[in-house]
Every structure is written in C-alpha cells, then in structure tokens.
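Below is one structure, written out as structure tokens, with a few remarks after it.
For ligands, and for the atoms within them, numbers begin at 1 and follow the listed sequence. Predicted model, so just to flag it, every value in this text is computed and none were measured.
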Amino acid sequence: MRKTLLTLAMATLTLPAVADETQMTESARQTAMQLIKQLGGELQKQMSSGGPESAISVCREKAPAIASEMSRSTGWRVTRVSLKIRNPLLGTPDEWEQGALKILERRLAEGAKPETLEFAQVVEEPAGKVYRYIKALPVQPVCTTCHGSAESIPEGVKARLAAEYPHDKATGYSPGMIRGGISIKRPL
Ligand code: HEC
C-alpha cells in the first residue's frame with residue numbers, strides 16, 4: 001500500500017516535468033521560427049530595394065537586434081551560432097552548441113530535412129539547471145549571395161566581406177545545407 005502511494009506520488013511528480021519540457025520546446029521552436037521568418041523577410045525586402053551590398057546590414061545589425069529584442073521579451077538568451085563563422089565575436093558556439101550543431105549536421109547527412117532539425121536538452125550548469133534548444137538555420141537561395149560559393153557572391157559584396165571580415169569562414173554554402181542554428185537558453 002505504502003509502496004503504491006509512493007509510486008503514485010513519484011508519477012505525479014515526474015509527469016508535469018515531462019509536459020513542461022514539451023511545452024518549453026514548443027515555445028522555443030516558435031521563437032526560433034519567428035526569428036528565421038523575420039530575418040528572411042527583412043533580407044528579401046532589402047535585397048530587392050537596395051541590392052545585396054545594402055542587405056549586409058540586415059545580417060549584421062537587424063539579426064542580432066531581433067535576437068536581443070526576443071531575449072528581452074522572453075527572458076531567454078536567443079542567439080545565432082555556427083560551426084563556420086563570419087563574425088567570431090557574435091557567432092561562436094559554446095561547447096553545448098558545438099555538440100548540438102554537430103548532431104544536427106549528422107542528422108542532415110543521414111537524410112533529415114534541414115527545416116525539421118532541432119535538438120533540446122536540460123543541462124546542469126555551474127549556475128544551475130538550464131533548458132537548451134537549438135533549431136537549424138537552413139540555407140535558402142537568398143543566403144548564397146553572401147554565404148555561397150565564390151561564383152555566387154557579387155564582386156561588391158566580396159570586397160566588403162574581405163575588408164570587414166578578414167577571417168570569414170562563412171562561405172561555400174548552398175541550399176539544402178544548414179548555416180548554423182538559433183540557440184535558445186532558458187534558466188530553470
Ligand atoms: C547581404 C549579405 C548577407 C546575406 C544575404 C545573408 N547574410 Fe548572413 N551574414 C552576413 C554578414 C555580413 C554576417 C556577419 C554579421 C556580423 O558582423 O555579426 C552574417 C552572419 C550570419 C550569421 C551569424 C554567424 C556568423 O557566421 O557570424 C548567421 C547564422 C547567418 N549570417 C545566417 C544567414 C542566413 C541563414 C541567411 C539567409 C537566410 C543569410 N545569413 C544571408 C551577410 C549576409
């Protein structure tokens with residue numbers, strides 16, 4: 001009898017936790033998708049109104065600004081990270097993000113669709129438990145103007161990139177690959 005009660009108590013204790021994680025993943029996914037959508041929209045708009053050189057500011061200023069705004073409104077840390085970075089100050093993944101991005105790359109190589117790739121985990125950190133989530137950033141045709149092969153990047157853009165990012169590793173991408181991920185970290 002006592003054992004049954006204990007088992008029941010444990011079951012009720014663990015069930016909400018599982019539901020919570022599903023819920024956290026759902027809201028993290030929504031947030032990441034919103035960033036991807038907003039960034040894509042801004043890029044398209046600026047590319048057609050001002051051309052590729054002027055659109056550099058979208059990936060440089062708008063994207064981190066949207067991410068910071070999302071961090072402020074949610075209380076989570078929202079960032080863009082990549083294994084091959086252009087700006088090491090902003091885009092460098094931490095250890096967990098590196099591991100997670102490699103998992104996404106492996107799943108992609110195994111045939112998963114880039115837009116479905118995500119990975120979430122509750123992690124114990126020195127400051128306490130955190131929920132971590134990453135959603136793949138698929139390479140769309142528009143991205144190749146600045147992240148594609150040498151032939152797909154216009155000369156003017158190439159010159160700007162060479163001048164501003166001497167250690168640029170974020171080229172050579174084509175649609176179907178992933179450029180990196182939207183990383184979300186939420187204290188528990
Ligand atoms: C008009 C040029 C341009 C286009 C188009 C563009 N980017 Fe970028 N991207 C940049 C620049 C410049 C940076 C460096 C920004 C900085 O200084 O933080 C960058 C940085 C990034 C980063 C941050 C990590 C890093 O490498 O520093 C990600 C992620 C990224 N871009 C993804 C994308 C995706 C996905 C697309 C297509 C939807 C895209 N970009 C389209 C110019 C572009």
Heavy-atom nearest neighbour in the protein, as seen from [atom], with distance rounded to 0.1 Å:
atom: atom 17 (O) of ligand 1; value: Tyr165 OH, 2.6 Å
atom: atom 29 (C) of ligand 1; value: Leu137 CD1, 3.4 Å
atom: atom 41 (C) of ligand 1; value: Leu43 CD1, 3.5 Å
atom: atom 23 (C) of ligand 1; value: Arg80 NH2, 3.6 Å
atom: atom 5 (C) of ligand 1; value: Val142 O, 3.4 Å

- Taking both backbone and side-chain atoms of Thr145, is any N or O found less than 3.5 Å from an N or O belonging to ligand 1? no

Ligand 1-proximal atoms of [X], by part, heavy-atom distance under 4.0 Å:
X: Val58; answer: neither
X: Ile56; answer: both
X: Asn87; answer: both

Same apolar cluster: [X] and [Y], side chain cutoff 4.5 Å:
X: Leu161; Y: Val58; value: no
X: Leu83; Y: Ile103; value: yes
X: Trp76; Y: Ile66; value: yes
X: Ile36; Y: Leu39; value: no
X: Leu137; Y: Ile178; value: no

- In terms of atom number and element, which parts of ligand 1 are under 4.0 angstrom from non-hydrogen atoms of Leu90? 18 (O)

- Item | For Ala55, atoms of ligand 1 separated by under 4.0 Å from a heavy atom | 1 (C)

- Message: Ring of Tyr173, cation from Lys84 - is the NZ or CZ under 6.0 Å from the centre and inside 45° of the axis?
- Response: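 Because its charged atom sits under 6.0 Å from the ring centre and within 45° of the axis, Lys84 does stack over Tyr173.
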
- Report the C-alpha separation of Glu105 and Lys102 in whole Å, then their side-chain angles, then the decisive distance to 0.1 Å, and conclude whether the salt bridge (charged side-chain N to carboxylate O under 4.0 Å, His left out) test is met. CA-CA 5 Å; Glu105 289 285 4; Lys102 283 180 189 157; over 6 Å; no

- Would you call Glu118 and Arg132 a salt bridge, taking side-chain N to carboxylate O under 4.0 Å as the test? no

- Message: Apply salt bridge (charged side-chain N to carboxylate O under 4.0 Å, His left out) to residues Glu26 and Arg29 and explain how you reach the verdict.
- Response: CA-CA 5 Å; Glu26 183 55 36; Arg29 185 185 297 135; 2.8 Å; yes

- Greater than 12 external heavy atoms within 6.0 Å of Lys113's NZ: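 Not buried by this count: 12 neighbours or fewer within 6.0 Å.
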
- Query: Is the shortest distance from a heavy atom of Pro52 to ligand 1 less than 4.0 Å?
  - Reply: yes

- Item | Rounded distance (nearest 0.5 Å) linking atom CD of Gln30 with atom NZ of Lys135 |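 One gets 9.5 Å once the value is rounded to the nearest 0.5 Å.
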
- Item | Distance criterion under 2.8 Å: protein N/O/S atoms around atom 8 (Fe) of ligand 1 |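 With waters ignored, the protein N/O/S count below 2.8 Å is 2.
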
- Could you walk me through whether Ile134 and Leu104 pass the side chain to side chain contact (heavy atoms under 4.5 Å, CB included) check? CA-CA 9 Å; Ile134 198 158; Leu104 301 187; 3.9 Å; yes

